[in-house]
Amino acid sequence: LWDLKAKIAQEPLWRTLGAADRFVPGYASGLDYALTDDELVAFHERWARRGFTGAKVKGGLDVDRDVRRLAAVRDVFRVNSDRPALMYDVNESWGRHQAVRLARQVEERVELTWIEEPVRRWDVAGHRAVATGIRAAVATGENLTGLEHFRPLLAADAVGVVQTGAVWGITHFLRVSTLALGHGVPVSPVGYNANPVAHAAAAVPNHLVTEVQDLSFPVGLRVDQEIADGGIVLGDAPGLGIEVDEERIVARAASGGWSLPSGPHVRPADAGLRLAPQAR
Ligand SMILES: [Mg+2]
């Protein structure tokens with residue numbers, strides 16, 4: 001409906017939503033945990049060539065490995081910035097009893113912009129403990145849905161960067177952003193790859209940065225955007241500027257396993273219950 005509304009107005013949605021500028025600042029990211037250190041560096045060199053000045057690294061099971069990789073990624077982005085932004089995502093893999101201790105160990109060795117999902121998504125007291133126990137901001141929210149899920153975290157001053165799934169739609173993003181704005185906190189969509197939320201991100205006053213996960217667009221979509229200058233450059237096509245090539249998608253129906261119950265997004269049964277974080 002947002003797409004239709006902007007098309008009827010014969011303007012790109014970012015203009016319909018009131019954005020003053022077509023540019024959405026981004027940071028580089030990917031499902032990078034299985035990459036070797038060399039592959040991780042090569043992966044981020046591609047982002048650096050597109051002008052990005054910060055990146056996120058996933059970890060949590062081996063703090064020494066994480067520090068090494070965070071430092072390597074930081075050094076890649078020094079071609080664009082003297083102080084690259086480093087985000088560290090542990091995907092709820094720590095328990096409250098260890099999150100402050102481990103996060104402190106990491107930030108003693110590399111400067112972090114934020115730590116993401118240090119504890120389980122609904123653990124308000126745990127997020128608050130991390131937020132007050134370390135120097136970096138705590139980012140969370142990608143696994144929350146309704147505003148009633150965000151409200152306890154904001155009320156407890158337990159989150160420094162409110163995150164939203166990029167796939168939950170424009171209306172949801174606008175609502176979460178407004179709630180965060182009312183608490184003086186910035187908002188940051190996760191998991192972006194050519195979906196409508198970029199138009200809304202361009203329009204809200206407290207958008208911080210968007211997680212961009214791929215330099216190419218999904219198969220079967222024609223997208224009037226560019227990944228350049230360290231972010232997303234929205235185009236002038238009316239509406240979302242996204243066209244679906246259904247024949248091409250049907251021809252490539254294999255899912256690659258994303259819809260299987262076994263993964264890749266299944267939380268290990270012992271996450272948060274390991275006495276010591278360790279690689280397996
Ligand atoms: Mg995350």
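Both counts, for ligands and for their atoms, begin at 1 and track the order of listing. Everything quoted here is computed from the prediction, not taken from an experiment. These numbers come from the heavy atoms of this one structure, side chains and all, not from hydrogens, waters or symmetry mates.
Contacts of R22 classified as salt bridge (Lys or Arg N to Asp or Glu O under 4.0 Å), with partners at least two apart in sequence or in another chain: D236. Among residues two or more places apart in sequence or in another chain, the side-chain hydrogen bond (donor to acceptor under 3.5 Å, both in side chains) test is passed with W168 by none. By the side-chain hydrogen bond (donor to acceptor under 3.5 Å, both in side chains) test, T210 is found to be paired with H207, residues two or more places apart in sequence or in another chain being considered.
Counting only protein N, O or S atoms, the number found under 2.8 Å from the Mg ion (ligand 1) is 3.
At least one side-chain heavy atom of D214 sits less than 4.5 Å from a side-chain heavy atom of S216.
Side-chain atoms of H199 come within 3.5 Å of backbone N or O of L240 as a donor-acceptor pair.
Results of the side chain to side chain contact (heavy atoms under 4.5 Å, CB included) test with D64 over R109, Q105, R69 single out R109 as the only residue that passes.
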